[in-house]
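When a ligand or atom number is given, it counts from 1 through the structure's own listing order. Reckoned from all heavy atoms, side chains included, excluding hydrogens, waters and symmetry mates.
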Amino acid sequence: MTDPLRDWHRLAGTSVLLDGFHALKHAVRFGAEVPVAVAVDRRTALALADELAPDVRDALDALLTEVEPDVYASLVPRPHPTAVAALAVRPSREAGLRALAHTPRSAPVVVLDQPRNLGNAGAVIRLAAGFGVTGVVTTGTLDPWHPTVVRGGAGLHFATTVERLSVAELPDGPLFALDPEGEDIRGLKLPDDAVLAFGSERSGLSAALRERTAHLVALPMRPQVSSYNLATSVAMTLYHWSLTGGAPAS
Ligand SMILES: C[S@@+](CC[C@H](N)C(=O)[O-])C[C@H]1O[C@@H](n2cnc3c(N)ncnc32)[C@H](O)[C@@H]1O
């Protein structure tokens, strides 16, 4: 039998931290490879699984090793209320690029252009998973697999495709960039193969992204308000797509 703590220390630098029961539950449900998982109280964790995730209960039973509270605390940046943590294998960039390039696409790709806020990125990945989008791409320096993003995304990175790319590497498809100066979204139908781009919290869409887009799209907003929060803008746009979305335009 392998030593889970030795595995943890060997893998921690290259793996995705699943911080808390819900992140582990989602990751396992959506097919993540989880080499090591720990809980301060296995019985409580499995009772949570009985209640909230009976579909993955047996998988969690096989994965979870009980550890002392101080050992658990030494493995995570800050203890989670469920006192559960695990490491998952990060999907390869090649697999991500393949999934993003796959056509015909039946749901949009969301692009966050140079996002700054890790919590926003996590919230967007959770939305993307909920709406079943093809993937979330970030441009710029933020790592979309940062532990804080994974925590914000509740482990749902594994339910979609998540990659960091340059603007030049964005997947093909009609590009719709969201901006308060654009055309009112209520008059538009967003195709299923759309690439939906959103600007950064501080400065909006980059020049490189603007140059590539044929469609600037606005969310309804009264004139005195400058803009919505990034993640809520993604939520409104995906909801609009879910109501009006149609066959691929290209
Ligand atoms: C917080 S806003 C950026 C505000 C920034 N100061 C600017 O100059 O655009 C982040 C992103 O959310 C989207 N967004 C926010 N409000 C929007 C609106 N009313 N219509 C379309 N997109 C919006 C845009 O993609 C925007 O770049």
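In terms of polar-atom proximity, defined here as any N/O pair under 3.5 Å, S227 makes no such contact with ligand 1. Residue M221 places no N or O, backbone or side chain, under 3.5 Å from any N or O of ligand 1. Looking at ligand 1, you won't find any N or O of N229 less than 3.5 Å from one of its N or O atoms.
Checked for salt-bridge contact, R105 and D172 miss the test: no charged N lies under 4.0 Å from a carboxylate O. Remark: D50 engages R57 in a salt bridge, criterion side-chain N to carboxylate O under 4.0 Å. Using a cut-off of 4.0 Å between Lys/Arg side-chain N and Asp/Glu carboxylate O, R78 and D19 are scored as not salt-bridged.
Atom 16 (N) of ligand 1 has its closest protein heavy atom at Y228 N, 2.9 Å. Here the heavy atom of the protein found nearest to atom 9 (O) of ligand 1 is G204 CA, 3.5 Å. The shortest contact between atom 25 (O) of ligand 1 and any protein heavy atom is with L178 O, 2.6 Å. When hydrogens are left out, the protein atom nearest atom 14 (N) of ligand 1 is S233 OG, 3.2 Å; that is the closest non-hydrogen contact.
One finds the CZ atom of R212 at 13.0 Å from the CG atom of L205 (value rounded to the nearest 0.5 Å).
Counting only distance, with no hydrogens or angles, the side chain of T138 and the backbone of P144 share no donor-acceptor pair below 3.5 Å.
Ring geometry for H215 against F176 counts as parallel: the plane angle stays under 30°, on a 0 to 90° scale with 60° as the upper cut.
Here the shortest heavy-atom distance to atom 3 (C) of ligand 1, taken over G199, S200, A177, belongs to S200.
Heavy atoms of D113 found under 4.0 angstrom from ligand 1: none, in either backbone or side chain.
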